[in-house]
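First the structure, in the form of structure tokens, and then the observations on it.
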Amino acid sequence: MVSFSDPKAFADPEDSALVAEAKKRVEPPVEYNYTERDVILYNLGIGATEQELQWTFESHEEFAALPTFGVIPQFPCSTGIPLDFLPNFNPAKLLHGEQYLNIKAPIPVSGSLVNEARILEVLDKGKAAAVTIIIETRDKHTGQLIFENQSTVFIRGAGGFGGKRVGKDRGAATATNEPPKRNPDVVVEEKTSLSQAALYRLSGDYNPLHIQPEFAAIGGFDKPILHGLCFMGISAKHVLRTFGPYKDIKVRFAGVVYPGETIVTEMWKEGNKVIFRVKVKERNSIALSSAAVTLEDSSKAKL
């Protein structure tokens with residue numbers, strides 16, 4: 001088991017001196033406290049309805065957080081890792097590239113969690129940098145590991161510092177998840193609401209890109225865009241409803257979704273994996289690619 005408090009825990013001999021030094025930084029743990037209200041707010045934010053009381057009513061006997069709630073406790077911690085060691089770093093040029101979530105234990109519906117984050121990998125893409133942050137989320141009182149997240153961001157204009165250009169194979173976290181050459185086994189559509197981003201942001205991502213038209217315009221968008229982790233959660237909910245529980249999920253953010261647009265999730269079951277792709281119906285554009293979940297128990301999976 002890797003110790004997040006060890007400055008050399010994620011050292012890589014292929015790293016440039018710049019990256020090697022940045023990887024030594026150990027940030028203090030970040031606590032996340034939440035109640036059943038936060039779970040309901042998240043579930044509603046990714047489209048759970050009043051018909052689905054197991055996700056929207058705290059007294060329901062099967063009340064639960066939707067699995068992608070696992071991206072929420074880590075968010076303040078992962079976004080707090082400084083990236084200004086990169087040349088020409090400009091936060092306005094940062095794009096969320098990929099997300100991997102591994103659910104290590106049953107998700108408490110309330111509690112106190114502690115998050116630790118470290119720089120896992122930094123790649124020089126020439127005109128850009130790709131930085132992967134790894135975050136462990138544990139129960140504050142028992143120390144039990146609940147979630148592992150790996151979040152990859154691309155920073156345009158921050159390349160050219162030397163070092164690795166190709167990342168290591170990290171299994172499910174880096175799988176390409178190419179859809180099979182057949183029609184999807186299942187397709188699910190869901191129209192998002194015009195208020196989707198306004199609601200989802202209350203789970204902790206207050207970036208004005210998702211709510212303020214003037215800020216969205218600076219980013220080059222006609223209007224505020226939906227959070228990538230929101231439409232990841234919506235599509236993951238489609239997979240859960242169709243095939244049952246999963247233990248991990250990986251996605252690549254390939255395009256934008258505007259609140260009010262229709263999300264189309266195409267799914268292919270391949271053994272214990274469900275590969276999926278997300279399109280925006282109105283523009284026939286891809287929003288998520290290289291996406292898959294690993295089912296908890298393929299023998300018990302639906303379909």
Next on the checklist: If you apply the rule salt bridge (charged side-chain N to carboxylate O under 4.0 Å, His left out), what do you find for E261 with K191, and how did you get there?
Outcome noted: CA-CA 6 Å; E261 290 186 322; K191 185 172 174 60; over 6 Å; no
Checklist entry - Among all residues two or more places apart in sequence or in another chain, which pass the side-chain contact (heavy atoms from CB on, under 4.5 Å) test with D169? => result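 With sequence neighbours excluded, D169 shows a side-chain contact (heavy atoms from CB on, under 4.5 Å) to T174, given in chain and number order.
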Is it true that [X] and [Y] fall in one hydrophobic cluster, defined by side-chain heavy atoms closer than 4.5 Å?
X	Y	value
V109	L101	yes
F75	L199	yes
I103	I72	yes
L202	L66	yes
V278	I225	no

For [Y], is there an ion pair with [X] - N to carboxylate O distance below 4.0 angstrom?
X	Y	result
K168	E121	no
E270	K273	no
E21	K23	no
E14	K164	no

Quick one: are [X] and [Y] in side-chain contact, heavy atoms under 4.5 Å?
X	Y	value
H60	W55	no
L295	V274	yes
I286	R252	no
M267	V186	yes
I133	R118	no
L18	P87	yes
E178	I275	no
P213	P224	yes

Could you check whether any side-chain N or O of [X] sits under 3.5 Å from a backbone N or O of [Y], counting only pairs where one atom can act as donor and the other as acceptor?
X	Y	result
D205	C230	no
Q196	G260	no
T294	D248	no
K127	R156	no
H210	A197	no
N102	F147	no
D124	F161	yes
N115	C77	no

Checklist entry - Do N33 and S112 meet the criterion of a side-chain donor-acceptor pair at a distance under 3.5 Å? => result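 Note: N33 and S112 side chains meet the donor-acceptor criterion.
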Checklist entry - Does a donor on one side chain sit under 3.5 Å from an acceptor on the other, for Q150 and R170? => result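 There is such a pair (donor and acceptor under 3.5 Å, judged by atom type) between the side chains of Q150 and R170.
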Looking only at heavy atoms, which two atoms of [X] and [Y] are closest? And how far apart?
X	Y	answer
T35	S110	CA-CB, 3.7 Å
I155	L86	CD1-CD1, 3.8 Å
A236	Y246	CB-OH, 3.4 Å
V257	R283	CA-NH2, 4.0 Å
A158	A129	O-CB, 3.7 Å
L113	D139	CD2-CA, 3.9 Å

Next on the checklist: Applying salt bridge (Lys or Arg N to Asp or Glu O under 4.0 Å) as the test, list every pair that has at least one member in residues 48-58; sequence neighbours left out.
Outcome noted: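 Every salt bridge (Lys or Arg N to Asp or Glu O under 4.0 Å) pair that includes a residue of residues 48-58, provided the two are not neighbours, is E52-R241.
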Next on the checklist: Restricting to side-chain hydrogen bond (donor to acceptor under 3.5 Å, both in side chains), what partner residues turn up for E27, sequence neighbours left out?
Outcome noted: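 By the side-chain hydrogen bond (donor to acceptor under 3.5 Å, both in side chains) rule, E27 matches R25.
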Item to check | Cation-pi check, K223 onto Y258 ring (under 6.0 Å, within 45° of axis) | outcome: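 Yes, a cation-pi geometry.
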Going by the rule ring pair (Phe, Tyr, Trp, His ring centres under 6.0 Å), which residues pair with [X] if we only count those two or more places apart in sequence or in a different chain?
X	answer
F4	F10
F253	H96
Y34	Y32, F69

Next on the checklist: Name the residue from R277, R182, K281 that meets the salt bridge (charged side-chain N to carboxylate O under 4.0 Å, His left out) definition with E266.
Outcome noted: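 Result for salt bridge (charged side-chain N to carboxylate O under 4.0 Å, His left out) with E266: R277.
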Item to check | Result of checking N177, I249, T242 against F276 for side chain to side chain contact (heavy atoms under 4.5 Å, CB included) | outcome: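 So the option named by the test is I249.
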